[in-house]
Amino acid sequence: MARRTADEEQLLRAIARGDRSAFHEFYRRTSPWLAARLRRRCADDHLVTDVLQETYLSVWQAAGSFAGTAARGSSLGWLWTIAARRLVDAFRREGRAARLPAAAAAERVEPAAEEAALARALSGEVGDALDSLAPELREVLRAMVLDGLSVRETSVLLGIPEGTVKTRARRARIAMREAMS
């Protein structure tokens, strides 16, 4: 994965210089992963398609901002941050709450590669503490910590008030601390 991320970072640097073939390759490599991740957050395929288009337009326009800050994070993290914010913006525009696709959630037998990697990273004490959280607390932690969203963005994404997001985040931190001590 480290090699793949390095290659994608090189592609972003080339995109920053206006290299269209690098953009096409970056899109080819990352769009299936990004689409799957967005679909776990939104059941509306048309909205996911719009968000993908807006995200990659932003990548084309702002690749230089990643190229200058590559030391701060991975290319996939940077891409997901853009996409997550575009999804929140789309929810605001549409005036709808995030809906997970029930059929997709029920059909999925094997976890996605990203979830498997996350499960390995969160094994042991941290994983046990996370598993012990109530689902609504885990959902807030996932959005804020793993997806890097703000309180406001988490509120829009999950369709709950900002105060509820803050309360759940605090309760989740306390529960994690207690479970790990």
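Values below: every heavy atom of this structure, side chains too, minus hydrogens, waters and symmetry copies.
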Under the side-chain contact (heavy atoms from CB on, under 4.5 Å) rule, collect the residues that match up with S58, sequence neighbours excluded.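 Residues passing side-chain contact (heavy atoms from CB on, under 4.5 Å) with S58: I82, R86.
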Heavy-atom pair of closest approach, residues R20 and W60: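 Heavy-atom minimum between the residues: CG-CH2, 3.8 Å.
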Shortest non-hydrogen pair, L12 vs S75, comes out as CD1-CB, 3.6 Å
What residues form a side-chain contact (heavy atoms from CB on, under 4.5 Å) with L57, not counting sequence neighbours?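 Partners of L57 by the side-chain contact (heavy atoms from CB on, under 4.5 Å) criterion, ordered by chain and then number, come out as Q61.
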Can you list every pair that meets salt bridge (Lys or Arg N to Asp or Glu O under 4.0 Å) and has a residue in residues 169-181, with sequence neighbours left out?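 Qualifying pairs: none.
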Where M144 and V165 come nearest, the two heavy atoms and their spacing: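 Nearest pair, atom of M144 first, then V165: SD-CG1, 3.7 Å.
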Can you sort out the partners of R28 under side chain to side chain donor-acceptor pair (under 3.5 Å), two or more places apart, ordered by chain and number? E25
Taking side chain to side chain donor-acceptor pair (under 3.5 Å) as the cut-off, I'd like each qualifying pair that reaches into residues 46-56, sequence neighbours left out, listed once. T30-Y56, E54-R93
Kindly check if the number of other-residue, nucleotide or ligand heavy atoms within 6.0 Å of OH (Y27) is above 12?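 Open: at most 12 neighbouring heavy atoms sit under 6.0 Å from OH of Y27.
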Where do A90 and L47 come nearest, in terms of heavy atoms and distance? CB-CD1, 3.5 Å
I'd like to check the side chain to side chain donor-acceptor pair (under 3.5 Å) partners of T164; sequence neighbours left out, ordered by chain and number.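 Partners of T164 by the side chain to side chain donor-acceptor pair (under 3.5 Å) criterion come out as none, since no residue qualifies.
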Please enumerate all residues that pass side-chain contact (heavy atoms from CB on, under 4.5 Å) together with D45, with sequence neighbours excluded.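 D45: side-chain contact (heavy atoms from CB on, under 4.5 Å) contacts with R39.
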Under the side-chain contact (heavy atoms from CB on, under 4.5 Å) test, which residues partner A22, sequence neighbours left out?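 Listed in chain order: L11, A14, I15, D19.
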Using modelled atom types and a 3.5 Å cut-off, is there a donor and acceptor pairing between side-chain atoms of S155 and backbone atoms of I160? yes
With sequence neighbours left out, what residues match D89 under salt bridge (Lys or Arg N to Asp or Glu O under 4.0 Å)? R92
